[in-house]
Amino acid sequence: MAKERKCLEIIGIVQGVGFRPFIYRLAKRRNLKGFVLNNTRGVIVELEGEGAQIEEVISKIKENPPPLAQIEKIECESLPVLEYRDFEIRISQKTEERSTLVSPDIATCEKCKKELLNPDDRRYRYPFINCINCGPRFTIIRELPYDRKNTTMAKFKMCEDCRLEYNDPANRRFHAQPDACPVCGPEVRLVDRTAKVIKEEPISKTIELLGEGKIVAIKGLGGFHLACNAKDKAAVSLLRERKGRPSKPLALMARDVEVVRKYTYLSKKEEELLSSSKSPILLLLKREENTLPEEIAPGNRYIGFILPYTPLHILLFQDPKEVEVLVMTSGNKIGEPIIIKNSEAIRVLGDIADYFLLHNRDIHIPSDDSVVAILEDKPIMVRRSRGYVPEPIKCPAHTKKNILGCGAHLKNTFSLARGNEIFASHHIGDLGTPKAMEAYERGIKHFESLFDIHPEVIVVDRHPEYLSTKFGEKWADENDSLLMRVQHHHAHIASCLVDNDIDKEVIGIAWDGTGFGEDGAIWGGEFLIAGFKSYQRKAHLEYIPLPGGEKAVKEPWRMATTYLYYTMGEDFLDLDIEFIGRLDLKKWEMLKVMIDRKINAPLTSSAGRLFDAVSSLLDLRDRITYLGQAAIELEMIIEDDGKANFYNFKLRKEDGIYIINAIPVIRSIIDDLIHRIPPSVISARFHKGLIEMIADITRRLRDDTGIIDVALSGGVFQNCFLLQGATKRLIKEGFRVYTHHNIPPNDGGISVGQVAIAANVIP
């Protein structure tokens, strides 16, 4: 038969996932000649031989690629025969255009686990074992193409045994860039807080120290964790005290799934995700007989569990006499990004950790653990980072411009967009410190270089004081880029549309704590008619003062007092409820002046602040120590037998907009408190009232517009009771409901919404 020659260009996540050896084996088995190589666009393959054999290889590539690969497209071109003598893997090339995708970091695969724990294997107990199917990717890449010299592994010269594996197409480590062994690879060492090296075997000694109640900072894939024995109440309390984190739930790492099942309820879907190569922190419902200290997640029915996802983590659980559950919380100071450098960890965390388990494989870009919950067998992404980033998100629109979405101020991510791909960043966090801003700017420059996306359009939030907004304004000015401002809640709804791959106008319900409104007020309880190109505000919670501004966010008692004042005037001081007994009357007098004279008391329609007020009225939380605490604790106490009634909101219409008055709800809560109705029941009635109000408003907006599609977004919709209840209620009313699954509903999704709106608006 006549020979043929075809050139394939394969685009997608095709580097660092075993694609070249996969192609090599396919070609050799069919006696095809040619080559395969990486370039900065993707993978180039030339196949020469019988046409039927070439078509069979192409079919295999499409139908059964390597497990970690994600093929975006394959371009095929027929070329003149060159009479290649063999099939080979060629040296990577750089091209002017860079469009290849980068794999996220991948949890240790089962084959590597077996080798790690096999005394006869040359990598027995080697904490950096990996292969083409697992290990670091995103966090060690400096630039593309994905070759060892372009990663932080470049400084480690392979020994002869590793080199033989690396060059053997039949080996699982064929062209595995982080490949190493105890002879030639990275090493761990244990030091105390003065940087003095502990001479005993580092991992065994770390296990011993954790068993003794010590706190150890452990360097992982994307940064440091602070670890202690989760069953040791004193150690957990000490970690909280030293870190200044009194209440926010702590993530746990368990030896295996069976240990997780001891403390939580675990569905099949949850077990699958927990054990997956992405290995996120999974929020799981506590068992009633749970014996872990309440200090792990005070006032919360859920615990965040993760399984060991690196060889080092696996080794920490190998002594059955020692710990089976570790606290694994981010290694940082409050408000600062996760630490990635050894010297900085010792300097910054020295007053928190007793010891430091370090290694000398550099982390190029930080990446916190991702956080996910499962509701109705579907994921809800709370924090999208390690294991997911930098996989692109598909945008329904195709942009001709390169776009940078600068994101929000809290829970920040940024996003870069080209074509129909959005590259949402790893979790940056709150931009309130110089270190956070440094990490933010460094991350943007890295993504810009890595994906060859040089922004022509800069999108910022309308809030003038967000540091992300100020950064975007400066970037646009210095680079002569087009600057676009997008309203916060419009971006929330747009991110939900992207998450569901739809491009249509919807009734968008955007509920959160804070978002700068078009009128200068603080929005947060919004009903919009919105698509990518525009939005109209059609309903919102009635404005109420936010006395003290940001201080009211941190002190929910201020919102409770304000709602009481608006409900009853100063007569609320005569109420026979516990809240009045706790109220500092001198502080109330100051608050009253602020409200009456409109001094530092901006107006807000925030649903988040209404949750805060109710939480404080129920004696749950007058002051918060982490964002959303009051609302979370209000949800956690719900006791609903399905029969509880609900509180009614009052509606009126002004200039075509429905105004939702919460005062009747506050009156009902006061009555129930006076009649000593349990807070758990009051919380259920409050939540059910919100669900009924959502159904009422959406019905009215459907009557007004004919729209039957509803998108739910904003941090409030991380509340599972509210999300599940509202979704079911709306479906019952005949609506199509869209919620978040792969993009966070909180401000971590704002940057995605920003670039999606710009992609649809900018020609």
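Bear in mind that the values here come from a model prediction, so they are computed numbers and not experimental data.
The CG atom of N412 sits 9.5 Å away from the NE2 atom of H426 when rounded to the nearest 0.5 Å. Rounded to the nearest 0.5 Å, atoms CG (L450) and CD1 (I141) are 6.0 Å apart. Rounding to the nearest 0.5 Å places CE of M484 at 8.5 Å from CD1 of I403. How far CZ of F735 is from CD1 of I507: 5.0 Å, rounded to the nearest 0.5 Å. With values rounded to the nearest 0.5 angstrom, L375 atom CG is found 11.5 Å from L283 atom CG. Note that the CG atom of D105 and the OG1 atom of T139 stand 3.5 Å from one another [nearest 0.5 Å].
The side-chain heavy atoms of H687 and N719, taken from C-beta on, include a pair separated by under 4.5 Å. Under the 4.5 Å side-chain criterion, counting only non-hydrogen atoms from C-beta, H225 is in contact with D369. Annotation: side chain of M253 is in contact with side chain of I306 (closest heavy-atom distance under 4.5 Å). In this structure the side chain of H540 reaches within 4.5 angstrom of the side chain of E526, judged on heavy atoms. Between L483 and W475 there is no side-chain heavy-atom pair separated by less than 4.5 Å. In this structure, V372 and K278 have side chains that are not in contact, with every pair of non-hydrogen atoms separated by 4.5 Å or more. When side chains are defined from C-beta on, T514 does not count as touching S606, because their heavy atoms never get closer than 4.5 Å. Proximity of R384 to V389: side-chain heavy atoms (C-beta onward) are separated by under 4.5 Å at one or more points.
Checked by atom type and distance alone, the side chain of D461 pairs as donor or acceptor with a backbone atom of H463 at under 3.5 Å. A donor-acceptor distance shorter than 3.5 angstrom exists from the side chain of N746 to the backbone of V382, with no hydrogens or angles considered. Although no hydrogens or angles enter the test, the distance criterion places no donor-acceptor pair under 3.5 Å between the side chain of E448 and the main chain of H454. Of the possible polar contacts, none joining the K411 side chain to the R383 backbone as a donor-acceptor pair under 3.5 Å is found. A donor-acceptor pair is defined here as one N or O able to donate and one able to accept, closer than 3.5 Å; no such pair exists between the side chain of E376 and the backbone of Q724. S275 places no side-chain N or O within donor-acceptor distance of the main-chain N or O of E272, the cut-off being under 3.5 Å. In terms of modelled atom types and a separation under 3.5 Å, the side chain of R621 and the main chain of E555 share no donor-acceptor contact.
The cationic atom of R485 (NZ for Lys, CZ for Arg) does not lie both less than 6.0 Å from the six-membered ring centre of F516 and within 45° of the ring axis. A cation-pi arrangement, defined by a distance under 6.0 Å to the six-membered ring centre and an angle within 45 degrees of its axis, is absent between R462 and W523.
There is a side-chain donor-acceptor pair under 3.5 Å between D368 and S330. With 3.5 Å as the limit, one finds no donor-acceptor pair spanning the side chains of Y658 and D696. Side-chain atoms of D512 and H489 include a donor-acceptor pair closer than 3.5 Å. In this model, no donor atom of one side chain and acceptor atom of the other lie less than 3.5 Å apart for E518 and Q487.
Considering every non-hydrogen atom in both M437 and F471, the closest pair reads CE-CB, 4.3 Å. Here the closest non-hydrogen pair linking V498 and A756 is CG2-CB, 3.5 Å. The two residues T739 and H741 have their closest heavy-atom pair at OG1-NE2, 3.4 Å. Here the shortest heavy-atom pairing between I453 and A417 reads CG2-O, 3.9 Å. The shortest non-hydrogen separation linking E633 to L620 is OE1-O, 3.6 Å. A pairwise comparison of heavy atoms in V460 and S468 identifies CG1-O, 4.1 Å as the closest pair.
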Query - Full working for salt bridge (charged side-chain N to carboxylate O under 4.0 Å, His left out) between K470 and E473 - result: CA-CA 5 Å; K470 292 177 182 291; E473 291 170 340; 5.9 Å; no

Query raised in the report: Under the side chain to side chain contact (heavy atoms under 4.5 Å, CB included) criterion, do I380 and L723 qualify, and how do the steps go?
Result: CA-CA 11 Å; I380 301 172; L723 179 64; 3.6 Å; yes

**Report entry** Y543 vs I522, side chain to side chain contact (heavy atoms under 4.5 Å, CB included): CA-CA, chis, key distance, verdict
**Finding:** CA-CA 9 Å; Y543 285 137; I522 306 299; over 6 Å; no

Query raised in the report: Should R245 and L250 be marked as a side chain to side chain contact (heavy atoms under 4.5 Å, CB included) after you check the CA-CA gap, both sets of side-chain angles, and the distance that decides it?
Result: CA-CA 9 Å; R245 184 175 171 172; L250 298 167; 3.9 Å; yes

Query raised in the report: Between H740 and N742, is a side chain to side chain donor-acceptor pair (under 3.5 Å) present by the stated rule, with each step listed?
Result: CA-CA 6 Å; H740 284 265; N742 302 303; over 6 Å; no

Query raised in the report: Taking it one step at a time, do I708 and R702 satisfy side chain to side chain contact (heavy atoms under 4.5 Å, CB included)?
Result: CA-CA 6 Å; I708 64 168; R702 178 176 59 190; 3.8 Å; yes

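The existence of a salt bridge linking K268 and E271 is excluded, since no basic side-chain nitrogen approaches an acidic carboxylate oxygen closer than 4.0 Å. Residues E72 and K394 are paired through a salt bridge, judged by an N-O separation under 4.0 Å between the basic side chain and the carboxylate. In summary, K688 and E692 do not engage in a salt bridge, as defined by a charged side-chain N under 4.0 Å from a carboxylate O. Between E441 and K474 there is no salt bridge, since no side-chain N of the basic residue sits under 4.0 Å from a carboxylate O of the acidic one.
Taking the six-membered ring wherever Trp is involved, the centroid distance between the rings of H427 and Y388 does not fall below 6.0 Å.
Taking the six-membered ring where tryptophan is involved, the planes of Y440 and F414 are perpendicular, since the angle between them exceeds 60° and thus also 30°. Using cut-offs of 30° and 60° on the angle between ring planes, the pair H488 and H492 is perpendicular. Using bins of under 30°, 30° to 60° and over 60° for the plane-to-plane angle, the ring pair F451/F423 lands in the parallel bin.
For K401, the NZ atom counts as loosely surrounded, since its 6.0 Å shell holds 12 or fewer non-hydrogen atoms of other residues, nucleotides or ligands. Enclosure of atom NZ in K551 is not indicated, since only 12 or fewer non-hydrogen atoms of other residues, nucleotides or ligands lie within 6.0 angstrom. Counting non-hydrogen atoms of neighbouring residues, nucleotides and ligands closer than 6.0 angstrom, the NZ atom of K435 exceeds 12 such neighbours. Atom CD of E550 has 12 or fewer neighbouring heavy atoms from other residues, nucleotides or ligands inside a 6.0 Å radius. Heavy-atom contacts from other residues, nucleotides or ligands closer than 6.0 Å to NZ of K504 number more than 12.
Counting only residues at least two apart or in different chains, side chain to side chain donor-acceptor pair (under 3.5 Å) contacts with residues 751-763 comprise T413-S751, S415-S751.
Results of the side-chain contact (heavy atoms from CB on, under 4.5 Å) test with C406 over V486, I458, T469 single out I458 as the only residue that passes.
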